[in-house]
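To start, the structure under review is shown below, and the notes come after it.
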Amino acid sequence: QVQLVESGGGLVQAGGSLRLSCAASERTLSSASMGWFRQAPGKEREFVAAIRWSGGVPYYADSVKGRFTISRDNAKNTVVLQMNSLKPEDTAVYYCATTNGVTTPFSVRFRTSYDYWGQGTQVTVSS
């Protein structure tokens, strides 16, 4: 059972930055994907960004492209989401997740593709 622990959430003013980290107890396989999702009150959990442990092109939701950057540190089994130019609409609980298998550029954006989830970390952006 893979355990994921997020950290780095908090309160920030609009235009500010936050850095979220997700530490995994293990990697399911080298080509597995690590993803970030978020869920605002009353809304569905939505895709934010994803990257494979083996590298390659990262994937981003259109709403965060150009502002958020996902990266990985394989030596530490950690994935980082650097969030810049934050907006009030970025306020949500952010979850990291990982897959048991290989995803496609299409399926990597769906929460049903992910097998393990962290407990979430709150990000609040004030206007």
Side-chain angles (χ1 to χ4, degrees):
Q1 183 82 4
V2 178
Q3 294 187 355
L4 303 173
V5 180
E6 303 100 334
S7 60
L11 172 65
V12 65
Q13 288 189 331
S17 298
L18 280 175
R19 182 181 174 93
L20 304 183
S21 292
C22 176
S25 59
E26 62 183 280
R27 279 179 270 161
T28 53
L29 73 165
S30 63
S31 54
S33 293
M34 289 291 293
W36 285 97
F37 288 73
R38 66 187 183 187
Q39 188 166 16
K43 294 190 175 181
E44 295 284 322
R45 191 170 299 189
E46 65 175 5
F47 171 77
V48 175
I51 193 169
R52 290 195 178 96
W53 285 119
S54 56
V57 177
Y59 304 95
Y60 297 98
D62 289 344
S63 58
V64 307
K65 201 173 293 183
R67 300 188 297 123
F68 291 11
T69 302
I70 188 171
S71 61
R72 76 209 192 286
D73 184 338
N74 288 18
K76 298 180 180 179
N77 284 356
T78 298
V79 172
V80 170
L81 185 68
Q82 177 66 44
M83 306 186 296
N84 299 328
S85 302
L86 282 161
K87 305 175 181 180
E89 51 263 44
D90 294 318
T91 295
V93 177
Y94 283 70
Y95 299 89
C96 73
T98 190
T99 65
N100 257 334
V102 179
T103 55
T104 67
F106 178 75
S107 67
V108 75
R109 298 170 184 273
F110 290 89
R111 60 182 180 177
T112 53
S113 298
Y114 293 80
D115 301 285
Y116 303 100
W117 293 82
Q119 81 288 352
T121 185
Q122 177 70 47
V123 170
T124 303
V125 184
S126 62
S127 57

- Does NZ or CZ of Arg45 lie under 6.0 Å from the centre of the six-membered ring of Trp117, at an angle within 45° of the ring axis?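 Yes, Arg45 and Trp117 form such a contact.
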
- Message: Working note: Thr69 + Tyr60, criterion side-chain contact (heavy atoms from CB on, under 4.5 Å); need CA distance, chi angles, decisive distance, verdict.
- Response: CA-CA 8 Å; Thr69 302; Tyr60 297 98; 3.8 Å; yes

Spatial distance of atom [atom1] ([X]) from atom [atom2] ([Y]) [nearest 0.5 Å]:
{"X": "Ser33", "Y": "Ile51", "atom1": "OG", "atom2": "CD1", "answer": "9.0 Å"}
{"X": "Asp90", "Y": "Arg67", "atom1": "CG", "atom2": "CZ", "answer": "4.0 Å"}
{"X": "Lys76", "Y": "Ser21", "atom1": "NZ", "atom2": "OG", "answer": "9.0 Å"}
{"X": "Thr99", "Y": "Tyr114", "atom1": "OG1", "atom2": "OH", "answer": "6.5 Å"}
{"X": "Leu81", "Y": "Leu18", "atom1": "CG", "atom2": "CG", "answer": "10.0 Å"}
{"X": "Ser25", "Y": "Leu4", "atom1": "OG", "atom2": "CG", "answer": "7.0 Å"}

Would you say the side chains of [X] and [Y] form a donor-acceptor pair under 3.5 Å?
{"X": "Asn84", "Y": "Ser17", "result": "yes"}
{"X": "Arg27", "Y": "Asn77", "result": "yes"}
{"X": "Thr103", "Y": "Ser113", "result": "no"}

When you compare the side chain of [Y] with that of [X], does any pair of heavy atoms fall below 4.5 Å?
{"X": "Trp53", "Y": "Ser31", "value": "no"}
{"X": "Gln122", "Y": "Thr124", "value": "yes"}
{"X": "Arg38", "Y": "Ser63", "value": "yes"}
{"X": "Val2", "Y": "Thr28", "value": "yes"}
{"X": "Glu6", "Y": "Tyr94", "value": "no"}
{"X": "Arg52", "Y": "Val57", "value": "no"}

- Message: Can you confirm whether or not the ring centre of Phe37 sits under 6.0 Å from the ring centre of Phe47?
- Response: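 Between Phe37 and Phe47, the centre distance is under 6.0 Å.
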
- Quick check, are the ring centers of Phe110 and Phe106 under 6.0 angstrom apart?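 Yes, the ring of Phe110 comes within the 6.0 Å limit of the ring of Phe106, centre to centre.
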
Taking a hydrophobic cluster as the set of Ile, Leu, Val, Met, Phe, Trp and Tyr residues connected by side-chain heavy atoms closer than 4.5 Å, whether directly or through intermediates, do [X] and [Y] fall within one such cluster?
{"X": "Val93", "Y": "Val12", "answer": "no"}
{"X": "Tyr95", "Y": "Val80", "answer": "no"}
{"X": "Met83", "Y": "Tyr59", "answer": "no"}

- Message: For the CD atom on Gln13, are there more than 12 heavy atoms of other groups (residues, nucleotides or ligands in this structure) within a distance under 6.0 Å?
- Response: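 For Gln13, atom CD is not crowded (no more than 12 foreign heavy atoms under 6.0 Å).
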
- In this structure, are over 12 heavy atoms from other groups packed under 6.0 Å from Glu46 atom CD?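 Counting other residues, nucleotides and ligands, CD of Glu46 exceeds 12 neighbours.
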
- Give the C-alpha distance, both sets of side-chain angles, the deciding distance and a yes or no for side-chain contact (heavy atoms from CB on, under 4.5 Å) between Gln82 and Ser71. CA-CA 8 Å; Gln82 177 66 44; Ser71 61; over 6 Å; no

- For Ile70 and Trp36, work out which heavy atoms get closest and say how close.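 What the structure gives for the nearest pair is CD1-CD1, 3.7 Å.
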
